[in-house]
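In what follows, a single structure is set out as structure tokens and then discussed.
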Amino acid sequence: LSGGTAKEDSSYKTPFYTWDSPGGPQMTIGLKGHVLNPGFPESYNNWQETNPRDLIDAQLIKEPTDKNVVRALKKVAKDADDLVIATDFDREGELIGLEALQEILESNPNLATLESNGSGGGATGTAVKRARYSALTKDEIERAFANLDELSYDLANAGAARQDMDLIWGATLTRAVSTATRRFGSNFLSVGRVQSPTLGLIVQRELERRAHVPEPFWEVSAKFAHSDGSFVAEHTTDKFWTEAEAKAAVANSKTPGTVKEITAKKNTRKPPTPLNTTAFTTDASSRLGITPSRAMRIAEDLYMDGYISYPRTDNTVYPKSLDTKELVKQLVAIDDFKAAE
């Protein structure tokens, strides 16, 4: 956006960038995920004195996830006369944009108006400019800022409702189960909307694994010498379920082997589908022996350094607005990817 003229600065250890344009001075600041998270008021903290049912209707409060980010946002927004939200193009991105807006308006109420929408804690307000893009390429960014949309309060409130439900569901059941089993302190039993069904799947799979009775089998393969180098061939029977059958197959094999037929066929392979999170962690584990947690840390480092797209995604389709040929040109300019030219 700055044509390479942006200067980096920071406020409360949070980086921001400034540059001049025909429309006046510009500034952009990055966020670290969610700006705010829902929480219960302090009066609900005592597990023994609070009935878990009371958590369901508690009036939730919003707490900063990183106080330095909130301080920096308020400081840099103080003198602003215009605002564009440019967070991720999804429901969580919309919510993060709204969270940032709520904090910004405390320091500069002239940028927009915002009001609470009912007891659910939703928000409505005036139109706020929104840049929507699905790829961090020059063309896509410039297109997004040349065709600004509006912040969707409905989408952001949907994200906030999901967030609130996660907290209420998890906190209520965690306390109910833990107090019923008298598991307190660090020994509490954690219950969650996502983690508990996942744990159920793991337990079910583990029980199946323990119930499995292994059956021995034999495989027969032969190594053939050849002037171009040796090669291994498998027996036409994949597995022999008795040792006698396997030994008989070996005994019936003749040396030297004779090539009876040579066939050739043409095979067309499509380019591989982009990896989503599940496929990526599965491949990393099965092919490279890297644990899913370590694989995701590596992927996030690569993402932050600009080598790959956002790793936490279920999406396997590139947007039509993304010029994939231009993207490949940029990638092969990096020495590590020269071989892809």
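Residues take their numbers from the sequence shown, with the count starting at 1.
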Would you say [X]'s side chain and [Y]'s backbone share a donor-acceptor pair under 3.5 angstrom?
X      : Y      : result
Ser2   : Gly4   : yes
Asp323 : Lys325 : yes
Asn187 : Arg183 : no
Ser21  : Gly24  : yes
Gln163 : Asn37  : no
Gln195 : Ser190 : yes
Ser253 : Ala249 : yes
Glu115 : Thr124 : no
Asn157 : Tyr153 : yes
Thr277 : Thr313 : yes

With a 4.5 Å limit on heavy-atom distance, are the side chains of [X] and [Y] in contact?
X      : Y      : answer
Leu148 : Arg130 : no
Gln26  : Thr18  : no
Leu151 : Leu101 : yes
Glu245 : Trp218 : no
Ile85  : Lys129 : no
Tyr17  : Asp9   : no
Thr172 : Ile56  : yes
Glu8   : Pro15  : yes

In one Ile/Leu/Val/Met/Phe/Trp/Tyr side-chain cluster, 4.5 Å: [X], [Y]:
X      : Y      : answer
Tyr303 : Phe337 : yes
Met27  : Val84  : no
Met304 : Ile308 : yes
Leu73  : Leu83  : yes
Leu105 : Val76  : yes

[X] atom [atom1], neighbour heavy-atom count above 12 within 6.0 Å:
X      : atom1 : result
Lys74  : NZ    : yes
Arg143 : CZ    : yes
Tyr307 : OH    : no
Lys13  : NZ    : no
Asp305 : CG    : yes
Trp47  : CH2   : yes
Glu208 : CD    : yes
Glu49  : CD    : no

Kindly give the heavy-atom pair with the smallest separation between [X] and [Y], and that separation in Å.
X      : Y     : answer
Ala160 : Leu95 : N-CD2, 3.6 Å
Ile104 : Ala77 : CG2-CB, 3.6 Å
Ser11  : Ala72 : O-CB, 3.3 Å
Tyr133 : Phe89 : O-CB, 3.4 Å
Gln48  : Asn46 : N-OD1, 3.0 Å

[X] side, atom [atom1]; [Y] side, atom [atom2] - distance, nearest 0.5 Å:
X      : Y      : atom1 : atom2 : value
Asn147 : Arg132 : CG    : CZ    : 12.5 Å
Leu60  : Asp164 : CG    : CG    : 5.0 Å
Phe184 : Ser178 : CZ    : OG    : 7.5 Å
Arg91  : Arg162 : CZ    : CZ    : 7.5 Å
Leu111 : Asp82  : CG    : CG    : 7.5 Å
Phe231 : Lys223 : CZ    : NZ    : 11.5 Å

Give a yes or no on whether a salt bridge exists between Glu206 and Arg209, defined as a side-chain N under 4.0 angstrom from a carboxylate O.
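A salt bridge links Glu206 with Arg209.
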
Just do the side-chain contact (heavy atoms from CB on, under 4.5 Å) check on Leu55 and Arg175 with the steps written out, would you?
CA-CA 10 Å; Leu55 297 175; Arg175 291 194 190 189; 3.8 Å; yes

Between Glu234 and Ser221, is there a side-chain donor-acceptor contact under 3.5 Å, judged purely by atom types and distance?
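Result is no, nothing qualifies.
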
Within the 3.5 Å criterion, strictly below it, is a donor on His34 or Glu99 matched to an acceptor on the partner's side chain?
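Side chains of His34 and Glu99: pair found under 3.5 Å.
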
Trace of the side-chain contact (heavy atoms from CB on, under 4.5 Å) decision for Val70 with Val35:
CA-CA 7 Å; Val70 172; Val35 179; 3.8 Å; yes

Step by step, work out the side-chain contact (heavy atoms from CB on, under 4.5 Å) result for Gln330 and Lys138.
CA-CA 11 Å; Gln330 291 179 26; Lys138 186 175 187 292; 5.5 Å; no

Go through the steps for Glu219 and Phe217 under the test side-chain contact (heavy atoms from CB on, under 4.5 Å), then give the verdict.
CA-CA 7 Å; Glu219 294 175 328; Phe217 60 86; 3.8 Å; yes

